[in-house]
Novice: 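I'd like to ask you about the structure that follows.
Atoms considered below: every heavy atom in the structure, side chains included; atoms not considered: hydrogens, waters and symmetry mates. Proteins get letters first, then strands, A, B, ... in listed order; numbering begins at 1 in each.
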Amino acid sequence: MAGGSIDAALEAATRKYLSATGIADLKRLSAGASQETWSFDAPTADGLQELILRRAPGGVPESRSTAIGQVREARLIQICHSHGVKAPNVRYVLQPEDGLGVGFVMDRVAGETLAPRVLRDDLYADARTKMAGQSGEAAASIHNVPMGELDFLEEITPLQQWQNTWNAYEKYFLEWSPSPVFDYALRWLKERVPARDRVTLVHGDFRNGNIIWGPEGLRTILDWEIAHFGDPMEDLAWICINSWRFGNIDKPVGGFGRREDMFEGYEKVSGIKVDPERVKFWEIFGSLRWGITCRSMAFTHLTGHDRSVERPAIGRRSSECEADLMILLGRN
Amino acid sequence: MRPDRPTADEMLEAVEEFLRDKVMPAVTGHLNFHARVAANVIASVRREIGQSPYIEADQRERLMQLLGHDGDWETLNRELCEDIRAGKTDLDDPALLEHLRQVAVENLGVDNPKYSAYARLKE
């Protein structure tokens, strides 16, 4: 679908649902393989609405096994927002008669998602001292959302997480050449898979890059497409993966803070004491999973599905995760 | 590889320089980003061509020590992975951990030695 061809349909939908008098400044922000994001403004009687359209590429839903789809993502975000989670405010969900495919429109939150700016610009210097604690508080608020309202989500147990990762390793590595580091990590993890006990809503991609920051700190959490029920400690670990520290290797939480401060914020909101060993399990698991995911992205290029120089380059980033794993697992 | 001038590395160097010095300053946005990615890809392929013969020889030596027998790199590496998977190796074996540390350093040294974990793991 050509860039500008959604104009008329989006304007009609925004007139219908938000009583807007038109739309302006429509811009495509990203064209990911799983999501399209557009920014636009809509004047209404209540003033100018600053909005984001998120929809499946070309409006056509994709049956990716780990993604929940835009319709469920919109419902999830609405429910989280209603429980005080810092999730975007969904304004309307696209219907088939709108002719825009599958997706939804939400309020656009001003701020910064680009981690290198958040980690280095003076504008965020004060926020950086609070980000770890705020991340813990935000994760706890996600994990507090009543699961009864989320019956459209599926659970992924710790053992299933391990199995899914093994399956991906088999598919993307074993057929070509195994990685002894990944084989080591897979066995180390298999021998330590935590028991399924506390199960909550898990964001699944809670990291620096999916958070909108302002000079005062955390504003909004984005990208809910791989949310599921599972071990809540997955979220506290994923934000610590070295890949999301953007060079600040000694600031484990997102490149900006200390684990202790995140745990304190988490405990304040959830009332639940964090077991650092359990978080470490998920951090090792996350590094491994990201390493395998990087390789899988190369295959979307290699199979001709989505040809781009970026994809094979990402594929080679699996060796970054091998190094992260040996720091986490080694004796040095 | 042909012992000829320009060498394969000199050819790739020319492409890398073209992307960095000519293409990148001339374009913006996605195209600029992809030109940089392309230049980085060329740089890593150059490192791979230069380093992989030594890396393979070193790894083969270490694998023969770990496994106690001779073989080519690919077969030995696969055997080590299968042994780890099958639970035949002791996960606390310092020689195994040292081999894996070196593998990680060697792979990252080719793919992206600027990554923060590289210097840390090399120490």
Side-chain angles (χ1 to χ4, degrees), chain A residues 28-31 166 169-170 173-174 176-192 241-252 255 287 291 294-295 298 301 308-332, chain B residues 19 30-31 33-45 47-48 59 62-63 66 73-74 76-89 91-94 96-123:
Chain A
R28 191 172 184 156
L29 297 183
S30 78
W166 162 259
Y169 178 68
E170 202 171 25
F173 282 82
L174 287 195
W176 318 99
S177 182
S179 156
V181 175
F182 287 175
D183 260 308
Y184 184 98
L186 277 159
R187 189 177 135 204
W188 190 95
L189 289 162
K190 193 181 187 183
E191 291 173 359
R192 290 164 181 82
I241 302 297
N242 191 28
S243 304
W244 322 133
R245 296 182 203 168
F246 298 89
N248 290 357
I249 192 169
D250 291 315
K251 293 194 170 140
S287 289
C294 285
R295 181 63 62 91
H301 166 86
S308 148
V309 68
E310 194 185 355
R311 295 273 162 176
I314 291 174
R316 286 296 186 103
R317 291 188 61 188
S318 62
S319 47
E320 297 174 9
C321 300
E322 288 181 326
D324 289 336
L325 283 168
M326 289 321 296
I327 288 174
L328 288 161
L329 291 164
R331 302 189 143 181
N332 46 354
Chain B
L19 289 165
H30 284 295
L31 209 50
F33 172 71
H34 283 122
R36 183 170 51 207
V37 172
N40 289 341
V41 165
I42 300 284
S44 73
V45 171
R47 288 191 295 268
E48 179 161 333
Q59 287 194 8
R62 302 200 305 267
L63 285 162
L66 278 169
W73 173 84
E74 199 183 337
L76 292 171
N77 183 56
R78 200 165 274 278
E79 184 180 328
L80 177 70
C81 291
E82 281 164 7
D83 284 357
I84 292 170
R85 218 173 299 147
K88 287 190 203 163
T89 47
L91 293 189
D92 294 323
D93 175 12
L96 173 66
L97 283 164
E98 176 56 16
H99 171 67
L100 298 179
R101 184 189 71 81
Q102 289 188 47
V103 167
V105 168
E106 287 154 350
N107 288 345
L108 191 54
V110 166
D111 292 334
N112 185 10
K114 287 184 191 153
Y115 185 66
S116 61
Y118 183 70
R120 186 62 50 93
L121 200 60
K122 224 182 158 189
E123 276 165 13

Novice: Taking the side chain from B/Tyr115 and the backbone from A/Ser243, do they hold a donor-acceptor pair closer than 3.5 Å?
Specialist: yes

Novice: Is B/Tyr118 close to chain A through its backbone or its side chain, or both, or neither, when contacts mean heavy atoms under 4.5 Å?
Specialist: neither

Novice: Which region of B/Gln102, side chain (C-beta onward) or backbone (N, CA, C, O), has a non-hydrogen atom less than 4.5 Å from a non-hydrogen atom of chain A, or is it both or neither?
Specialist: neither

Novice: State the CE-CZ distance between A/Met326 and B/Arg120, to the nearest 0.5 angstrom.
Specialist: 15.5 Å

Novice: Before you tell me yes or no, could you show the steps for B/Val45 and A/Arg316 under side chain to side chain contact (heavy atoms under 4.5 Å, CB included), namely the whole-Å CA-CA distance, both residues' side-chain angles and the distance that decides it to 0.1 Å?
Specialist: CA-CA 11 Å; B/Val45 171; A/Arg316 286 296 186 103; over 6 Å; no

Novice: For residues 318-328 of chain A, which residue pairs qualify under salt bridge (Lys or Arg N to Asp or Glu O under 4.0 Å), counting only residues two or more places apart or in two chains?
Specialist: A/Arg317-A/Glu320

Novice: Kindly check if the number of other-residue, nucleotide or ligand heavy atoms within 6.0 Å of CD (B/Glu74) is above 12?
Specialist: no

Novice: Quick one: which of B/Ile84, B/Val37, B/Leu91 has the most heavy-atom pairs under 4.5 Å with chain A, could you say?
Specialist: B/Leu91

Novice: Heavy-atom cut-off 4.5 Å, strictly under: side chain, backbone, both or neither for B/Ser44 against chain A?
Specialist: neither

Novice: Can you tell me which portion of A/Ile314 sits under 4.5 Å from chain B's heavy atoms? Options are side chain, backbone, both or neither.
Specialist: neither

Novice: Under 4.5 Å from any heavy atom of chain A, what part of B/Leu100 do you find: side chain, backbone, both or neither?
Specialist: both

Novice: Take A/Leu174 and B/Arg85 through the test side chain to side chain contact (heavy atoms under 4.5 Å, CB included) and record every step on the way to the result.
Specialist: CA-CA 12 Å; A/Leu174 287 195; B/Arg85 218 173 299 147; 3.4 Å; yes

Novice: What residue in A/Val181, A/Leu186, A/Ile249 has the most heavy-atom pairs under 4.5 Å with chain B?
Specialist: A/Ile249

Novice: When heavy-atom pairs shorter than 4.5 Å are enumerated against chain A, which of B/Asn40, B/Val41, B/Asn77 gives the highest number?
Specialist: B/Asn77

Novice: B/Asp111 vs A/Ser319, test: side-chain hydrogen bond (donor to acceptor under 3.5 Å, both in side chains). Steps then yes/no.
Specialist: CA-CA 7 Å; B/Asp111 292 334; A/Ser319 47; 2.6 Å; yes

Novice: For A/Ser177 and B/Arg78, which heavy atoms make the closest approach, and how far apart are they?
Specialist: CA-NH2, 3.9 Å

Novice: If you count heavy-atom pairs under 4.5 Å with chain A, which of B/Asp83, B/Leu80, B/Val110, B/Leu108 comes out on top?
Specialist: B/Leu108

Novice: Can you tell me if A/Arg245 uses its side chain to pair, donor with acceptor, with the backbone of B/Ser116 under 3.5 Å?
Specialist: no

Novice: A/Tyr184 vs B/Leu97, test: side chain to side chain contact (heavy atoms under 4.5 Å, CB included). Steps then yes/no.
Specialist: CA-CA 9 Å; A/Tyr184 184 98; B/Leu97 283 164; 3.4 Å; yes

Novice: Based on non-hydrogen pairs under 4.5 Å, which of B/Ala38, B/Ala117, B/Cys81 is most in contact with chain A?
Specialist: B/Cys81

